[in-house]
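Here's the structure, in structure tokens; my notes come after.
We count ligands from 1, going down the list as the structure has it; atoms in each ligand are counted the same way. Computation of the quantities below employed the complete heavy-atom set of this structure, encompassing side-chain atoms and omitting hydrogens, waters and symmetry-equivalent molecules. Residue numbers start at 1 and run along the sequence shown.
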Amino acid sequence: MNPVGKPGKAGALMAVEVALQRLLDMAAAAPIVERETLPLAAAQGRVLAQDLVSTLDLPPWPNSAMDGYALRLADCKDEPLVVSQRVFAGQAPAPLAAGTCARIFTGAPVPAGADCVEMQENAVVEADERVRFTEPMVIGQNIRPQGQETTVGEQVLAAGTRLGPVELGLAASLGCASLEVVRKVRVGVLSTGDELVEPGQPLGPGQIYNSNRVLLCGWLRGLGCEVVDAGILPDDLPTTRERLAQLSDVDLILSTGGVSVGEADFLGIALREDGELALWKLAIKPGKPLTFGHYRGVPVIGLPGNPASTLVTFALLARPYLLRRQGVESVMPLKFKVPAGFAWPKAGSRREYLRGRMENGRAIIYRNQSSGVLRSAAWAEGLVEVLEGQTLVEGDEVGFIPLSEVLG
Ligand SMILES: Nc1nc2c(c(=O)[nH]1)N[C@H]1C(S)=C(S)[C@@H](COP(=O)(O)OP(=O)(O)OC[C@H]3O[C@@H](n4cnc5c(N)ncnc54)[C@H](O)[C@@H]3O)O[C@H]1N2
Ligand code: MOO
Ligand SMILES: [Mg+2]
């Protein structure tokens with residue numbers, strides 16, 4: 001079966017899983033191999049290029065989980081224990097004198113010889129700072145042992161991990177000031193459409209403001225990409241060719257619009273004539289005219305121009321592609337099964353991704369699901385997935401893909 005439709009003619013729709021697998025295979029075949037070393041603060045959103053191996057035990061020494069008293073349990077008989085030292089976080093305590101206890105605070109090293117920490121709520125301080133313990137105790141209680149989190153030589157993060165604040169915090173806790181990351185993917189962004197005007201300019205007859213440029217550039221920067229913003233591309237074939245050719249030094253050209261079957265849709269034609277049109281028309285709504293190929297060797301993903309179509313296809317296809325180019329294994333957004341809070345009486349032939357949100361434990365959808373209505377996405381918390389051929393009554397299970405993680 002040839003899944004590639006001919007631009008300008010109706011063609012077979014490709015299942016979203018098939019298209020995604022092709023995109024991921026093509027991404028894996030063109031990995032970004034260059035690396036750079038960055039200070040932690042600059043590494044957010046980037047992908048780790050080599051395994052992070054601990055050079056420390058964490059914690060480096062046993063420390064107290066409570067404000068209270070460190071003691072040797074065997075010393076704790078009927079008589080109260082005298083406080084022989086105070087240990088604050090950041091100090092190095094002396095070994096515990098036999099038959100005494102140490103006043104200790106959370107995070108402070110436990111003195112050698114102590115095998116138990118009791119919280120101060122279970123202690124009564126008598127005259128001369130003699131401490132009586134009111135509850136039974138066990139060896140090891142309230143002590144965080146050396147190396148409980150990680151030990152020297154252990155792999156803490158694998159190459160291919162995307163670095164968010166948690167991963168960076170973990171690297172910091174191991175004393176790493178910088179990390180080796182995959183270099184940024186360079187993405188050339190084109191907004192096609194004769195009707196487009198940048199915000200701030202007056203609108204002429206028939207014109208609309210360019211919203212996709214801000215959307216795409218924002219999502220790409222959030223993904224750690226280098227954006228080469230190539231501005232608005234008018235709807236004509238010679239200029240389309242010229243502008244695509246000018247973007248010969250990027251890792252991916254990502255465009256919006258101009259991929260359908262109209263007389264002003266030229267992207268597919270340019271790819272077919274000067275490169276390769278590998279994928280065109282998906283069984284997905286919104287997002288049907290998603291286009292993928294190469295232009296003179298440079299990968300191109302053409303997202304449909306309707307803003308909600310741009311959003312859905314970026315989240316479900318372009319984003320996974322860009323992550324896989326950087327060596328990330330887990331590229332798909334999380335999807336939960338939730339009960340529908342709406343009915344869907346008419347089955348569609350394409351898989352639907354409705355803009356929705358959770359209310360009282362059920363997914364509800366925005367009142368207007370037109371792919372031209374970006375407000376639906378501003379209202380939404382996620383995409384509600386309704387499968388091909390599916391009808392729903394309230395309470396039936398649907399997929400829910402939270403958008404904050406993927407587009408936040
Ligand atoms: N005869 C058919 N017509 C259409 C089909 C079809 O199968 N047969 N598919 C429809 C579907 S579905 C979609 S989605 C659109 C996709 O069209 P394109 O990707 O070619 O996009 P354009 O035609 O250039 O624009 C579509 C729409 O989006 C607006 N737009 C475009 N770029 C921007 C931008 N940067 N910011 C804001 N809005 C933008 C544009 O003005 C159009 O209204 O095709 C259907 N047609
Ligand atoms: O597939 Mo189009 O993206 O419905 O609007
Ligand atoms: Mg069009």
Option from V259, V261, T291 for which side-chain contact (heavy atoms from CB on, under 4.5 Å) with K281 holds:
V261

Which residues share a ring pair (Phe, Tyr, Trp, His ring centres under 6.0 Å) with F342, sequence neighbours left out:
none

Assess S211 for proximity to ligand 1: is some non-hydrogen atom of it under 4.0 Å away?
yes

Could you check whether any heavy atom of S309 sits closer than 4.0 Å to an atom of ligand 1, since that is the contact criterion I want to use?
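So S309 counts as touching ligand 1.
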
Any N or O of [X] that comes nearer than 3.5 Å to an N or O of ligand 1?
X	value
K288	yes
N306	yes
R350	no
P307	no
G287	no

Return the option from [options] holding the heavy atom at the smallest distance from [atom].
atom	options	answer
atom 11 (C) of ligand 1	P289, G268, G262	P289
atom 2 (C) of ligand 1	N210, D265, V261	V261
atom 20 (O) of ligand 1	G193, S260, G372	S260
atom 41 (O) of ligand 1	R213, E195, Q207	E195

Distance only, no hydrogens: is a donor on one side chain within 3.5 Å (strictly under) of an acceptor on the other, for Q120 and R103?
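Checked: Q120/R103 side chains pair up, N/O donor to acceptor below 3.5 Å.
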
Side chain to side chain donor-acceptor pair (under 3.5 Å), that's the test. Do N122 and T134 meet it? Break it down for me.
CA-CA 5 Å; N122 296 337; T134 58; 4.5 Å; no

List every atom of ligand 1 that sits less than 4.0 Å from any heavy atom of [X], numbering the atoms from 1 in the order shown and giving each element.
X	value
L196	33 (C), 34 (C), 35 (N), 36 (N)
I208	37 (C), 38 (N), 39 (C), 41 (O)
V259	18 (P), 19 (O), 20 (O)
Y209	36 (N), 37 (C)
P304	14 (S), 19 (O)

Would you say E17 has more than 12 foreign heavy atoms packed within less than 6.0 Å of its CD?
yes

Heavy atoms from other residues, nucleotides or ligands near CG of D25 exceed 12 (cutoff 6.0 Å)
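Atom CG in D25 is crowded, with more than 12 foreign heavy atoms closer than 6.0 Å.
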
Atoms in ligand 2 with a heavy atom of [X] nearer than 4.0 Å:
X	answer
N306	5 (O)
R350	1 (O), 4 (O)
S309	2 (Mo), 3 (O), 5 (O)

Using the benzene-type ring in the case of Trp, are the ring centres of F105 and F88 under 6.0 Å apart?
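Aromatic pair counts; centres sit under 6.0 Å.
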
Closest protein heavy atom (residue, atom, distance) for [atom]:
atom	result
atom 4 (O) of ligand 2	P286 CA, 3.5 Å
atom 2 (Mo) of ligand 2	G287 N, 3.6 Å
atom 5 (O) of ligand 2	S371 OG, 2.4 Å

Qualifying salt bridge (charged side-chain N to carboxylate O under 4.0 Å, His left out) pairs, either residue in residues 207-233, two or more places apart:
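Checked against salt bridge (charged side-chain N to carboxylate O under 4.0 Å, His left out) - neighbours excluded - the pairs reaching residues 207-233 are R186-E226, E198-R213, R213-D229.
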
Mind checking the CD-CG spacing from E167 to L179? Nearest 0.5 Å is all I need.
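So the CD of E167 and the CG of L179 are separated by 10.5 Å.
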
Does an N or O anywhere in K288 fall below 3.5 Å from an N or O of ligand 2?
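So ligand 2 has an N or O lying under 3.5 Å from an N or O of K288.
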
